[in-house]
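To start, the structure under review is shown below, and the notes come after it.
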Amino acid sequence: MPAPATLTVDLNALAANFRTLEAIGGVPVHPVVKADSYGLGAEACSRRLMAEGARTFFVARTGEGERLRTALGPEPAIYVLDGCLPGRAPRLRAAGLRPVLNADAQLAEWRAAGGGGCGIQIDTGMNRLGFRIEAAPESFEGLELVLSHLACADDPHEAMNGRQRDAFAAAAARYPGALRSFANSGGVFLGPDYAFDATRPGICLYGGGPEGRPDDRIRTVATLTAEVLQLHEVPAGETVGYSRGFTATRPTRIATCAAGYADGVLRSYSPRGQVFAAGEMRPIVGRVSMDACAVDVTGLDLAVGDRVELFGANRMLDDAGAAAGTIGYELLSAITARVPRIYIG
Ligand SMILES: *Cc1c(COP(=O)(O)O)cnc(C)c1O
């Protein structure tokens, strides 16, 4: 019996997306597996990506890196995008992690602890993390990778993309021995001059699109389904859910489905969310509650115990995100620990 709400992860599709992104970029893919692989499960996803040939991974936090090291063993390189925060150097070194250093203080901290393999991030305009170009360090022993991050890769028409690329190319030339990593998912689709030596996609590996919809070559990886807990025949004039969020204007069949905000189904799905039920797209009505949401299934052949799809092959992740006023990245990383991840492939 599957759990009432489950997230199915198609590892074959993940592997196919990895190969597709390598083919499009023409350089190795270094997968970004931060935030538990965007909620899909970093251990299972990274293992499969390693089997496909990935040898370098990116996480955000030191703790994520430690868990990934335990899962993957000593071989792959694991970069920590937070860098070397105060007091973290011993943990990074103990787990064989490579910080992506963002500032002089981080470089000093890493060196004081004995240094070793690491990367640096150059800020080419995003003003999030990284050394400003004019303040970037001289090349140094142990520097294996230089990266920068695009601010607008989701918009191929944005002129800032080209400016960041050119600034990165010039800055990276100061580190002749270091691998150059620039493009995230969106960047992979901007053209070969964005690929440099390795790309760093996240969302496209997991089946999402950087531009609010995936490229046709990207396969669906994640499917969130919920079981129908109960069916109600609601007479016209009655209301459904908290705060009388929905009023039936005609006799309405309501399915109470086992997915609420404690599963990661954002409350902002109300009132524009939709689910795929018995072969049709149907609206979520009223307020999403903690453990359930209500779907108008009038006229559908649906029984208690059947499952509806919140996103997956029939309801695109990015469309579900748009309906909830957000993006696929947030929908995936919002799925809570209560929802079992079921791996196929
Ligand atoms: C999250 C992240 C990525 C991956 O971005 P996607 O848009 O998911 O492909 C790459 N690089 C850095 C520095 C990141 O923070």
Side-chain angles (χ1 to χ4, degrees), residues 14 17-18 20-22 24-25 27-40 42 45-46 49 54 56-62 64-65 68 77-85 97-103 106 118-131 145-156 158 160-161 164-165 167-168 171-172 179-190 194-215 217-219 221-222 317-318 321 326-334:
L14 173 75
N17 291 342
F18 173 79
T20 296
L21 291 164
E22 286 208 330
I24 294 171
V27 296
V29 162
H30 291 173
V32 175
V33 297
K34 62 190 179 188
D36 206 22
S37 277
Y38 295 37
L40 274 55
C45 290
S46 306
L49 291 165
T56 300
F57 296 87
F58 287 90
V59 294
R61 308 278 184 251
T62 304
E64 293 176 343
L68 195 64
I78 301 173
Y79 283 96
V80 176
L81 291 165
D82 281 352
C84 183
L85 298 173
L97 306 174
R98 300 179 184 184
V100 179
L101 304 170
N102 292 311
Q106 293 200 348
C118 66
I120 57 169
Q121 177 158 190
I122 306 286
D123 180 5
T124 53
M126 189 167 174
N127 282 307
R128 185 176 70 167
L129 287 174
F131 291 92
L145 171 121
V146 52
L147 73 78
S148 189
H149 194 49
L150 283 157
C152 309
D154 56 338
D155 180 2
E158 172 58 66
M160 185 170 177
N161 293 329
Q164 284 192 271
R165 175 202 58 208
F168 178 65
L179 196 93
R180 298 166 304 160
S181 168
F182 185 58
N184 62 346
S185 294
V188 173
F189 294 95
L190 293 177
Y194 286 79
F196 292 90
D197 301 324
T199 59
R200 255 182 4 258
I203 194 70
C204 281
L205 286 170
Y206 309 117
E211 290 173 62
R213 92 178 7 255
D215 183 271
R217 293 163 282 186
I218 295 297
R219 285 176 53 184
V221 176
L317 171 70
D318 295 290
T326 181
I327 54 177
Y329 297 74
E330 191 181 19
L331 287 195
L332 287 183
S333 42

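Whatever order the structure lists ligands and atoms in, that order sets their numbers, starting from 1.
Polar contact with ligand 1: present for Arg200 (N/O pair, distance under 3.5 Å). At least one N or O atom of Gly202 sits closer than 3.5 Å to an N or O atom of ligand 1.
Taking every heavy atom of Ile203 and a limit of under 4.0 angstrom, the matching atoms of ligand 1 come to 6 (P), 8 (O), 9 (O). Below 4.0 Å from some heavy atom of Tyr38 lie the following atoms of ligand 1, by number and element: 1 (C), 4 (C), 5 (O), 6 (P), 8 (O). In summary, the atoms of ligand 1 found under 4.0 Å from a heavy atom of Ser185, numbered by their order in the structure, are 6 (P), 9 (O). Residue Pro201 approaches ligand 1 through these ligand atoms, each under 4.0 Å from one of its heavy atoms: 9 (O).
In this structure, Val100 and Leu147 approach most closely via the heavy-atom pair CG1-CD2, 3.9 Å.
Summarising the contacts of atom 15 (O) of ligand 1 with Lys34, Met126, His149, His30, the nearest heavy atom is found in Lys34.
Given atom 7 (O) of ligand 1, the protein heavy atom at minimum distance is Tyr329 OH, 2.6 Å.
The aromatic ring centres of Tyr194 and Phe189 sit 6.0 Å or more apart.
Arg213 has no carboxylate O lying under 4.0 Å from a charged side-chain N of Asp318, or vice versa, which leaves the two without a salt bridge.
Between Leu317 and Leu331, the closest side-chain pair of non-hydrogen atoms falls below 4.5 Å.
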Open item on the list: Please determine whether side-chain hydrogen bond (donor to acceptor under 3.5 Å, both in side chains) holds for the pair Thr56 and Tyr79, giving the CA-CA distance in whole Å, both sets of side-chain angles, and the decisive distance to 0.1 Å.
Closed with: CA-CA 8 Å; Thr56 300; Tyr79 283 96; over 6 Å; no

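Between the Gln121 side chain and the Leu101 main chain, no donor and acceptor come within less than 3.5 Å of each other.
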